[in-house]
Amino acid sequence: MARPDQRLAANVPGAFYVDGSCIDCGTCWQFDPAHFAPTGSTSHVWAQPEDDAATRQALLALQACPVAAIGAPKQLLAQTPADGFPALVTALPQGEVHYCGWASRKSFGASSWLITRRRADGRPDNVLIDSPRWSAALARRIEAQGGVSRILLSHRDDVADHSAWADRFGAGRWIHTADADAAPEAEHRIEGTERQQLDDDLLVVPVPGHTAGSVALLFAGTVLFSGDHLWWGVDPAGLVASRRHCWWNWQEQLRSVERLRDLDVRWLLPGHGRWHSFVKGEWELELEKLLRHLHR
Ligand code: SF4
């Protein structure tokens, strides 16, 4: 629970604040950049919400925070929406993509995602990408959308509460062999660097580098869940692959970035960092820009 006496000086005056327990995971400003922003070592409230819709967004950022470092008065907390997460990101003919919120300290606040889709016979066949922190409230919301059939774990850092989610929904889990010691209970293994079709519209793309067993998932040919391999940066704007945050092999990570040239990504949904949507042709340009920068 955030404490008013620990309120950081960087916050603008008003109801919402970030306190000193912030771990600088980025969840709040990625989800609600209209009110939260990084300071360099923590987050802070840079603008207070001014109407009901903006207050709802700030309350959801508060709910998503993995360490309860965001505070607000009790009367506002009582208005926290029960139906905020999963939050719709985009709707495609093949299914909908949602942000799960409820970030976990165990994954340093990594984003997790839910694809809601149906089989030909109409039964739900939903996919969870990485794990939110366990929440019975979120589980009820996901159950109402058809539960979870499969869980794709992008890499060792973001497995968080995968067992609780798998148990709750009887979901099968996939993880790359090289990172499987982080989730030994996972029922399925991804091997090597060859792409693997999980279903007609689900393609696993191994991207070793950040960790030896990092994988991305391409949904419907256009939505790339990239784990910590790649994300969108805002200052300057553009794709980011981070040598500083590469835990295994930077040269391998560069090769993994190069192997994404043939994709036509329209949504990039990472574990950490900003999400981004691309217009047609923009992915190719941005990826080449990134590669030129990384090879300089
Ligand atoms: S979500 Fe919480 S821990 Fe993460 S940056 Fe925001 S205030 Fe800090």
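Start at 1 and go down the list; that is how both ligands and their atoms are numbered.
Atom 7 (S) of ligand 1 has its closest protein heavy atom at I70 CG1, 3.7 Å. For atom 3 (S) of ligand 1, the closest heavy atom belonging to the protein is I23 N, 3.4 Å. Regarding atom 5 (S) of ligand 1, its nearest protein heavy-atom neighbour is G26 N, 3.3 Å. The shortest contact between atom 6 (Fe) of ligand 1 and any protein heavy atom is with C28 SG, 2.4 Å. Looking only at protein heavy atoms, the nearest one to atom 2 (Fe) of ligand 1 is C65 SG, 2.3 Å.
At least one N/O/S atom of C25, from backbone or side chain, sits under 2.8 Å from atom 4 (Fe) of ligand 1. Distances from atom 6 (Fe) of ligand 1 show that C22 has no N/O/S atom below 2.8 Å.
Heavy-atom neighbours of W46 CH2 from other residues, nucleotides or ligands within 6.0 Å: at or below the threshold of 12. Within a 6.0 Å radius of CZ in R105, other residues, nucleotides and ligands contribute 12 heavy atoms or fewer.
Contacts of T42 with ligand 1, taken as heavy-atom pairs under 4.0 Å, are absent altogether.
Ring to ring, W275 and F225 are not that close: their centroids are 6.0 angstrom or more apart.
Inspection of the H98 and T116 side chains reveals an N or O donor paired with an N or O acceptor under 3.5 Å. Remark: the H210 side chain and the D157 side chain contain an N/O donor-acceptor pair separated by less than 3.5 Å.
Between D51 and R56 there is no salt bridge, since no side-chain nitrogen of the basic residue lies less than 4.0 Å from a carboxylate oxygen of the acidic one. Remark: R119 engages D125 in a salt bridge, criterion side-chain N to carboxylate O under 4.0 Å.
Remark: ligand 1 atoms within the under-4.0 Å shell around heavy atoms of V67 are 3 (S).
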